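For reference, the structure is listed below as structure tokens.
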Amino acid sequence: MALEAKKVEGEHKKDIMIYTLSTCGWCRKTKNLLQDMGVAYNYIDVDLLQGEDREEALARMKEHNPSGGFPTMVIDGSDCIVGFDQGKIKEKLEI
């Protein structure tokens, strides 16, 4: 089974993937900030996955963030922001 991310639509289109936990306040703040800025993004709530899907999501996340902290935001497949950093997010997204 292929790992599927949930999509949130927005007027600003970038290739954004966020690895989150459903219970994480900082993850929620990151998602809310992107929505407030009108940015489209994809996300995976890693804690809601099981078995191989969870292992695959963690492996993908750790390619960008070996420490494994949440949220992990990957922009355009290379830029990585770990945690909620509003200034860095706005700077990287150029909004």
Side-chain angles (χ1 to χ4, degrees):
M1 181 172 142
L3 193 59
E4 286 193 40
K6 296 177 182 156
K7 296 180 188 293
V8 176
E9 297 298 328
E11 63 183 67
H12 299 288
K13 308 284 187 207
K14 284 237 179 215
D15 179 17
I16 298 174
M17 170 60 77
I18 312 173
Y19 297 92
T20 62
L21 299 174
S22 64
T23 58
C24 169
W26 296 113
C27 298
R28 213 168 8 263
K29 285 179 76 108
T30 300
K31 291 176 184 176
N32 289 340
L33 175 63
L34 293 176
Q35 285 182 290
D36 291 346
M37 293 182 352
V39 176
Y41 65 93
N42 300 299
Y43 72 95
I44 295 176
D45 284 326
V46 177
D47 60 323
L48 298 180
L49 300 175
Q50 295 179 352
E52 289 181 14
D53 286 343
R54 180 181 285 196
E55 307 240 345
E56 181 180 345
L58 287 171
R60 287 186 192 179
M61 182 182 86
K62 288 183 177 183
E63 288 175 12
H64 303 281
N65 172 18
S67 68
F70 291 94
T72 295
M73 178 187 301
V74 180
I75 303 166
D76 294 332
S78 60
D79 284 331
C80 181
I81 300 173
V82 179
F84 177 74
D85 186 333
Q86 184 171 340
K88 191 180 271 189
I89 291 169
K90 287 183 174 183
E91 176 187 324
K92 291 286 186 187
L93 297 180
E94 300 171 346
I95 295 176

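A quick note: this is a predicted structure, and the numbers were derived from the prediction, not measured. Both backbone and side-chain heavy atoms feed into the values below; hydrogens, waters and symmetry mates do not.
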query = Under a 4.5 Å side-chain heavy-atom rule over Ile, Leu, Val, Met, Phe, Trp and Tyr, are Leu48 and Tyr43 clustered together?
reply = no

Does a side-chain heavy-atom distance below 4.5 Å link Leu93 with Ile16? yes

With the side chain counted from C-beta on, respond yes when Met73 and Leu34 share a heavy-atom pair under 4.5 Å apart, and no when they do not. yes

By side chain to side chain contact (heavy atoms under 4.5 Å, CB included), Val82 pairs with (sequence neighbours left out) Asn65, Thr72, Cys80

The side chain to side chain contact (heavy atoms under 4.5 Å, CB included) partners of Gln35 (sequence neighbours excluded) come to Val8, Asn32, Tyr41

On a heavy-atom basis, which atom in [X] and which in [Y] lie closest, and how many Å separate them?
{"X": "Ala57", "Y": "Val46", "answer": "CB-CG2, 4.2 Å"}
{"X": "Asp15", "Y": "Gly77", "answer": "OD2-N, 4.2 Å"}
{"X": "Arg60", "Y": "His64", "answer": "O-CD2, 3.4 Å"}

Spacing of [atom1] belonging to [X] relative to [atom2] belonging to [Y], to within rounding of 0.5 Å:
{"X": "Arg28", "Y": "Thr20", "atom1": "CZ", "atom2": "OG1", "answer": "10.0 Å"}
{"X": "Asp47", "Y": "Phe70", "atom1": "CG", "atom2": "CZ", "answer": "7.5 Å"}
{"X": "Cys27", "Y": "Asp45", "atom1": "SG", "atom2": "CG", "answer": "8.0 Å"}
{"X": "Glu9", "Y": "Glu11", "atom1": "CD", "atom2": "CD", "answer": "12.0 Å"}
{"X": "Ile44", "Y": "Lys6", "atom1": "CD1", "atom2": "NZ", "answer": "9.5 Å"}

Problem set entry | Candidate pair Glu63 and Val74, rule side chain to side chain contact (heavy atoms under 4.5 Å, CB included), full reasoning | CA-CA 10 Å; Glu63 288 175 12; Val74 180; over 6 Å; no

Residues pairing under salt bridge (Lys or Arg N to Asp or Glu O under 4.0 Å) where one sits in residues 78-95, two or more places apart or in two chains, turn out to be Asp79-Lys92

Determine, stepwise, if the pair Val39 / Ile89 fulfils side chain to side chain contact (heavy atoms under 4.5 Å, CB included).
CA-CA 11 Å; Val39 176; Ile89 291 169; over 6 Å; no

State whether the number of non-hydrogen atoms from other residues, nucleotides or ligands found under 6.0 Å of Lys7 atom NZ is greater than 12. no

